[in-house]
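Let me begin by presenting the structure, written as C-alpha cells, before commenting on it.
This is a predicted model, so every value here is computed, not measured. Whatever order the structure lists ligands and atoms in, that order sets their numbers, starting from 1. Note that these values count all heavy atoms, side chains included, but never hydrogens, waters or copies made by symmetry.
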Amino acid sequence: MSAAASTVSTAPSSPRQYPMFDDLHIASGATTPERRLSLGDLPPSPLPSGKHRIAVIGSGSWGTALAKIAAENAARHADMFEPTVNMWVREKQVNGKKLTEVINKTHTNQRYLPDVSLPANLIAVPRLPDVVRNATLIVFVTPHQFLPTVISDLKRAGAIHPQARAVSAIKGVEVEGSEIKTFASVIERDLSIPCSALSGANIALEVALEQFCETTIGCPSAADSALWHAVFDAHSFRVTCVEDVNGVSLGGALKNVVALAAGFVDGLRLGGNTKAAILRIGLKEMTEFCLEFFEGAQRNTFSNESAGVADLITTCYGGRNRKCAEEFVKSGASFDDIERRLLNGQKLQGTATAEEVHAFLKAHGRVAAYPLFERVYQIAFNGMPPAQLVKGL
Ligand SMILES: NC(=O)C1=CN([C@@H]2O[C@H](COP(=O)(O)OP(=O)(O)OC[C@H]3O[C@@H](n4cnc5c(N)ncnc54)[C@H](O)[C@@H]3O)[C@@H](O)[C@H]2O)C=CC1
Ligand SMILES: O=C(CO)COP(=O)(O)O
C-alpha cells in the first residue's frame with residue numbers, strides 16, 4: 001500500500017453489508033424508526049434527540065432529484081423527520097424571476113430539472129446558513145469543484161449543528177500533492193461531522209421520473225446507515241447500505257474517467273465489443289486503484305453494488321461525460337467549449353477527475369499501472385490522438 005493510504009479515512013473491513021439493511025430492504029416502512037435507531041454501532045458523537053431536519057446543499061439535476069426523494073420520505077416518516085426539507089439554490093434569474101421564487105411557487109426546478117413536479121414541503125433557500133440552520137442531516141450534492149467554497153462559507157457562518165450527520169452524493173476526488181481524499185472524508189475533516197457516501201447508477205432525470213433503480217450508501221456506522229436509508233429508500237429508488245464509504249465514493253468518481261473513454265469510443269464509431277472492453281478494463285482499474293490506495297476498500301463494492309459496475313454501465317451509455325467525450329472526438333473542440341455548448345450550465349466531473357487521478361498516480365510513480373486512466377488524461381489534455389485509446393491497451 002502507498003503512503004497515501006494513511007491519509008484517507010478507513011472503513012471497517014467486515015462484515016461488508018450492514019446486517020440490518022436486509023430487514024429494512026425487505027420490510028421497508030414496516031420497521032419502526034425507534035428500532036432502526038437502536039441498532040448497530042454507536043456513532044462517534046450522539047445523534048441529536050427528537051425529529052431530524054434534512055437539508056440539501058445543491059440544486060442541479062441530481063441535487064433536485066435527491067431533494068425530491070428526501071422531502072417525500074420526510075412527509076412519509078413524519079414520526080422521524082421534520083416535514084420541511086430545505087434545498088440550497090444558488091440564486092439565478094429564470095425568465096426575469098428569481099429561481100428560488102420560481103421553485104417555491106411552481107414546485108419545479110425550471111433551470112435544472114424542468115417538467116418534474118416537486119413536493120410542496122421542499123423549500124428552495126438562497127442563503128447557505130439558512131439552509132443548514134438546525135439541520136441534523138445534511139446532503140452535499142454540488143458539482144465537486146464548488147465544494148471547497150461551500151465548506152468555507154459554512155465554516156465562516158458557524159452554522160453546522162455539532163451533532164449533524166452528512167452524506168456526500170458528489171462524484172470526484174480531492175488531490176493535493178501525493179494525497180487523495182474522497183469528498184466524504186473532506187467533509188468529515190473540514191466540518192467535524194460523520195459523513196456517508198451515496199452513489200449508484202442514477203441518471204438524475206430517470207430517478208426524478210421514478211424509473212426503477214438502485215443506489216448504494218456507504219456509512220461509517222450502522223446508526224448512520226439506518227438514518228440515510230430512511231431518508232432515501234423509496235419504491236423506485238432502492239437503497240443498499242454498506243460499510244465501504246471509500247469504495248462507494250471512488251466508484252462514483254472513477255467511473256466518470258472511464259465514461260470519457262466510452263465517449264471517445266463512440267466518437268471514433270467503434271462498436272459494442274470495443275466499448276465492452278473499455279468497461280471491463282475500466283472496472284478493473286477502478287477496483288485496483290481503490291484497493292491499492294484506500295485501506296479497507298472492498299472489491300465487492302465494485303463487482304456487486306450499484307455504486308460499482310451498475311453506475312459504470314449507465315454512465316458509459318447515458319451520461320454527460322460520455323456525451324461530451326463523443327463530441328470532443330467529433331468536433332475537435334476543447335472540453336470547456338463543449339461543456340458550455342452542450343450542458344446548459346451543468347458541470348462535467350470526469351475531466352477534472354482524470355487530471356487529478358493522473359497527478360496523484362504520477363506523484364506515486366504508478367501511472368503505468370493504470371493505462372486506461374492515463375490515456376484518457378493524455379487524450380483530453382495533452383493532444384494524444386483519440387485513436388490511441390485502444391492501441392496496444
Ligand atoms: N446529474 C446526474 O445525473 C448525477 C450527478 N451526480 C453528481 O452530483 C453532483 C452534482 O451534480 P448535478 O446536480 O448534476 O449538478 P449540475 O451539473 O447540474 O450543476 C448545476 C449545479 O451547480 C451549481 N453551481 C453552478 N455554479 C456554481 C458555483 N460557482 N458555486 C456553487 N454551485 C454552483 C448550480 O447552482 C447547480 O446547483 C456531481 O458531483 C455529479 O457527478 C451523481 C449522480 C447523478
Ligand atoms: O453519475 C451519473 C449517473 O450515475 C451521471 O453521470 P454524468 O455526470 O456523466 O451524467
Completion exercise
Closest to atom 14 (O) of ligand 1 among protein heavy atoms sits Arg320 NH1, 3.0 Å

Practice task
Flag the pair Glu72 and Lys68 as a salt bridge only when some basic side-chain nitrogen lies within less than 4.0 angstrom of an acidic carboxylate oxygen.
Solution key: yes

Problem - Polar contact flag, side-chain donor to acceptor under 3.5 angstrom, Glu82-Thr84 - result: no

Handout entry: Heteroatom distance test (Ser59, ligand 1): nitrogen or oxygen, under 3.5 angstrom
Key = yes

Problem - Pair Lys323 + Glu327, salt bridge at N-O below 4.0 Å - result: no

Completion exercise
Scanning both residues in full, the closest heavy-atom pair of Phe302 with Cys290 reads CZ-CB, 3.5 Å

Problem - Quiz item: cation-pi between Lys284 and Tyr370, 6.0 Å / 45° - result: no

Handout entry: ligand 1 to Trp88 polar contact by distance, N or O atoms, under 3.5 Å
Key = no

Fill in the blank from the handout: Under 4.0 Å from one or more heavy atoms of Gly63, ligand 1 contributes atoms 13 (O)

Exercise for the section: Starting from atom 20 (C) of ligand 1, find the nearest protein heavy-atom neighbour and note its residue, name and distance. Expected result: Tyr112 CE2, 3.5 Å

Handout entry: Donor-acceptor pair between Gln211 and Ser236 side chains, under 3.5 angstrom
Key = no

Practice task
Please report which non-hydrogen protein atom sits nearest to atom 32 (N) of ligand 1, along with the residue it belongs to and the distance in Å to one decimal place.
Solution key: Phe146 CD1, 3.4 Å

Practice task
Go through ligand 1 atom by atom and flag the ones less than 4.0 Å from a non-hydrogen atom of Ile170.
Solution key: 39 (O)

Practice task
For atom 37 (O) of ligand 1, grab the closest protein heavy atom and report residue, atom and distance to one decimal in Å.
Solution key: Gly60 N, 2.9 Å

Exercise for the section: Could you tell me whether ligand 1 has any atom less than 4.0 Å away from a heavy atom of Val141? Expected result: yes

Problem - Side-chain ion pair, Glu188 and Lys181, N-O less than 4.0 Å - result: no

Exercise for the section: Report the relative orientation of the aromatic rings in Phe360 and Phe293; use parallel for angles under 30°, tilted for 30 to 60°, perpendicular for over 60°. Expected result: perpendicular

Expected rows: ligand 2 N/O, protein N/O, dist below 3.5 Å:
| unit_1 | atom_1 | unit_2 | atom_2 | d |
| --- | --- | --- | --- | --- |
| ligand 2 | 1 (O) | Lys171 | NZ | 2.8 |
| ligand 2 | 1 (O) | Lys255 | NZ | 2.6 |
| ligand 2 | 4 (O) | Lys171 | NZ | 3.0 |
| ligand 2 | 4 (O) | Gly200 | O | 3.0 |
| ligand 2 | 4 (O) | Asn202 | N | 3.0 |
| ligand 2 | 4 (O) | Asp311 | OD1 | 2.6 |
| ligand 2 | 6 (O) | Lys255 | NZ | 3.3 |
| ligand 2 | 8 (O) | Arg320 | NE | 3.3 |
| ligand 2 | 8 (O) | Arg320 | NH2 | 3.0 |
| ligand 2 | 8 (O) | Asn321 | ND2 | 3.3 |
| ligand 2 | 9 (O) | Arg320 | N | 3.0 |
| ligand 2 | 9 (O) | Asn321 | N | 3.0 |
| ligand 2 | 9 (O) | Asn321 | ND2 | 2.7 |
| ligand 2 | 10 (O) | Arg320 | N | 2.7 |
| ligand 2 | 10 (O) | Arg320 | NE | 3.0 |

Problem - Salt-bridge present (Arg366, Glu374; N to O < 4.0 Å) - result: no

Handout entry: Aromatic ring pairing His358/Tyr377, orientation class (parallel under 30°, perpendicular over 60°, tilted between)
Key = parallel

Handout entry: Per-residue contact class, Asn202 against ligand 1 - non-hydrogen pairs under 4.0 Å
Key = backbone

Problem - Residue, atom name and distance, where the atom is the protein heavy atom closest to atom 8 (O) of ligand 1 - result: Trp62 CD1, 3.3 Å

Exercise for the section: Determine whether the aromatic ring centres of Phe328 and Phe264 lie less than 6.0 Å apart. Expected result: yes

Practice task
Using side chain to side chain contact (heavy atoms under 4.5 Å, CB included) as the criterion, point out the one residue from Leu254, Thr301, Asp311, Val257 that pairs with Met286.
Solution key: Leu254

Exercise for the section: Would you mind checking which non-hydrogen protein atom is closest to atom 18 (O) of ligand 1, with the distance to 0.1 Å? Expected result: Gln346 CG, 3.3 Å

Practice task
Kindly indicate, with the supporting measurements, whether the criterion side chain to side chain contact (heavy atoms under 4.5 Å, CB included) is fulfilled by Gln93 and Lys98.
Solution key: CA-CA 5 Å; Gln93 294 290 311; Lys98 288 181 175 173; 3.8 Å; yes

Problem - Heavy-atom proximity to atom 17 (O) of ligand 1, best of Gln349, Arg111, Gln145, Lys347 - result: Lys347

Fill in the blank from the handout: for atom 9 (C) of ligand 1, nearest protein heavy atom and its distance come out as Thr142 O, 3.6 Å

Practice task
Return yes when Lys92 approaches ligand 1 closer than 4.0 angstrom through a heavy atom, no otherwise.
Solution key: no

Handout entry: Between Gln349 and Gln145: side-chain donor-acceptor atoms closer than 3.5 Å
Key = yes

Practice task
Record the part of Ala65 in heavy-atom contact with ligand 1 below 4.0 Å; permitted values are side chain, backbone, both and neither.
Solution key: neither

Practice task
Do me a favour and list the nearest non-hydrogen protein atom to atom 3 (O) of ligand 1 with residue, atom name and distance?
Solution key: Ala204 N, 2.8 Å

Practice task
Look at ligand 1 and say whether Pro143 reaches it with a heavy atom at a distance under 4.0 Å.
Solution key: yes

Practice task
Taking only heavy atoms of Ile203 into account, list the atoms of ligand 1 that are under 4.0 Å away from them.
Solution key: 3 (O)

Problem - Side-chain H-bond candidate by donor/acceptor type, Thr149 with Ser152, under 3.5 Å - result: no

